[in-house]
Amino acid sequence: MAHNAHLDHRNPLVFDTHELGRRPGALQRLTRTVPAPVDFGIKGVIGVPEGAPVELELRLESVMEGVLVTGTARAQAEGECVRCLEPVGLELEADFQEMFSYPDADDRGRVIAEPGDDAEDDEDRLFLEDGLFDLEPLLRDAVVLALPMQPVCREDCPGLCSECGARLADDPDHHHDAVDIRWAALQGLAGTMSDGEKDEMSGAEEGVDEKQEK
C-alpha cells in the first residue's frame with residue numbers, strides 16, 4: 001500500500017486537509033505558487049527548470065473514502081527542438097485528479113490501512129498521513145503526460161542539413177550539388193596529387209589521344 005512517509009508540512013507541495021474534517025461534501029479551493037522540484041518533466045527532453053514558479057489551482061473535496069483532489073498546474077517549460085536543436089519554450093498546463101484515502105488507526109494509535117480485496121489496486125492507493133498529502137508524485141505524472149515527447153520549435157521546422165548541419169530554416173535555398181559517385185573517387189584522388197603529377201598525367205592522356213587519332 002502506498003503510504004506517505006513522514007510528510008513535512010513546510011514542504012510547499014504538502015497540503016493540509018484538516019479544515020475539511022471528515023464531512024462528506026465539504027469543499028476547499030486553494031491557489032498556490034510553488035518552486036518546481038528537480039527533474040520536473042521529461043529528463044533530457046523538456047521540462048520546467050528547477051525553482052521556476054508553478055501555479056497550482058486545487059479543489060479538495062471530502063468524500064466517504066477520503067479526500068478527492070482535482071487541480072491544474074501551469075508553468076513555463078523549456079527544452080530543445082528535436083529537429084534543429086534550437087531552444088524551445090512552451091506554456092505548460094497539466095490537469096490531474098486523485099483520491100487520497102483516509103487511514104484507520106489501530107488500538108495503539110498507529111496509522112494503518114485496511115487491506116483491500118485486490119492487492120494490486122491496494123498498492124496503487126494513496127493515503128493521507130495525519131491529514132496531510134504530498135502532491136509531488138501526482139503532479140510529476142501529470143506534467144509528463146502534458147509535455148510533448150518530441151518538442152519542436154514550430155510544426156513545419158525543416159531541421160538541419162544532413163550533410164553540413166546547417167539550420168535549414170535560416171537558409172531555405174540551402175543545398176549541395178550532387179556529385180556522381182563514379183567520379184567522386186577520381187575527384188578525391190585529384191585533390192591529393194601535386195601539380196607535377198597532374199601535368200604528367202595530363203601529358204600521358206594527350207599521348208594516348210594522339211595515338212588513337214593515328
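Quick caveat: nothing in here was measured; it's all calculated off a predicted structure.
- Taking all atoms of both residues into account, the shortest heavy-atom contact from F100 to F127 is CD2-O, 4.3 Å.
- Side chains of L56 and L139 form a contact here, defined as non-hydrogen atoms less than 4.5 Å apart.
- Put simply, the side chain of E19 never gets that close to the backbone of Q28: no donor and acceptor are under 3.5 Å apart.
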Side-chain donor-acceptor pairs of residues 81-92 under 3.5 Å, sequence neighbours excluded:
from : atom 1 : to   : atom 2 : distance (Å)
R83  : NH1    : E155 : O      : 2.8
R83  : NH1    : C157 : O      : 3.1

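- Closest of all the heavy-atom pairs between R140 and P37 is NH2-CB, 3.5 Å.
- If you chain together hydrophobic residues whose side chains sit under 4.5 Å apart, L126 and Y102 fall into the same group.
- Between T17 and V69 there is no side-chain heavy-atom pair separated by less than 4.5 Å.
- The nearest pair of heavy atoms linking P12 to V34 is O-CG1, 3.6 Å.
- Cluster annotation: V143 is connected to L58 through the hydrophobic network of ILVMFWY side chains, with a link wherever side-chain heavy atoms come within less than 4.5 Å.
- Under the 4.5 Å side-chain criterion, counting only non-hydrogen atoms from C-beta, E93 is in contact with T72.
- Connection of L68 to L30 is not established within any shared hydrophobic cluster, with ILVMFWY side chains joined at heavy-atom distances below 4.5 Å, either directly or through further cluster members.
- M149 is connected to V48 through a chain of hydrophobic side-chain contacts under 4.5 Å among Ile, Leu, Val, Met, Phe, Trp and Tyr, so both are in one cluster.
- Under a 3.5 Å cut-off, the side chain of D130 and the backbone N or O of L132 do not form any donor-acceptor pair.
- In Q76, the CD atom is crowded: over 12 heavy atoms of neighbouring residues, nucleotides or ligands sit closer than 6.0 Å.
- Side-chain contact between L135 and F96: present, with at least one pair of heavy atoms (C-beta onward) separated by less than 4.5 Å.
- L27 and F15 fall into different hydrophobic clusters, defined by Ile, Leu, Val, Met, Phe, Trp and Tyr side-chain heavy atoms under 4.5 Å apart, directly or through other members.
- A distance of 9.0 Å separates CD of E65 from CZ of R125, quoted to the nearest 0.5 Å.
- Formation of a donor-acceptor pair under 3.5 Å by the S62 side chain with backbone atoms of R23 is found in this model.
- In terms of heavy-atom proximity, P151 sits nearest to V45 at CD-CG1, 3.5 Å.
- A side-chain donor from one of Q97 and T70 sits under 3.5 Å from a side-chain acceptor of the other.
- Residues P24 and R22 come closest through the heavy atom pair CD-O, 3.1 Å.
- Residues F40 and E50 form no side-chain contact, since every pair of their non-hydrogen atoms from C-beta on lies 4.5 Å or further apart.
- What you find for E61 and R59 is that their closest heavy atoms are OE1-NH1, 3.0 Å.
- For the atom pair E57 CD and T33 OG1, the distance stands at 9.5 Å (nearest 0.5 Å).
- Between M99 and V63, the closest side-chain pair of non-hydrogen atoms falls below 4.5 Å.
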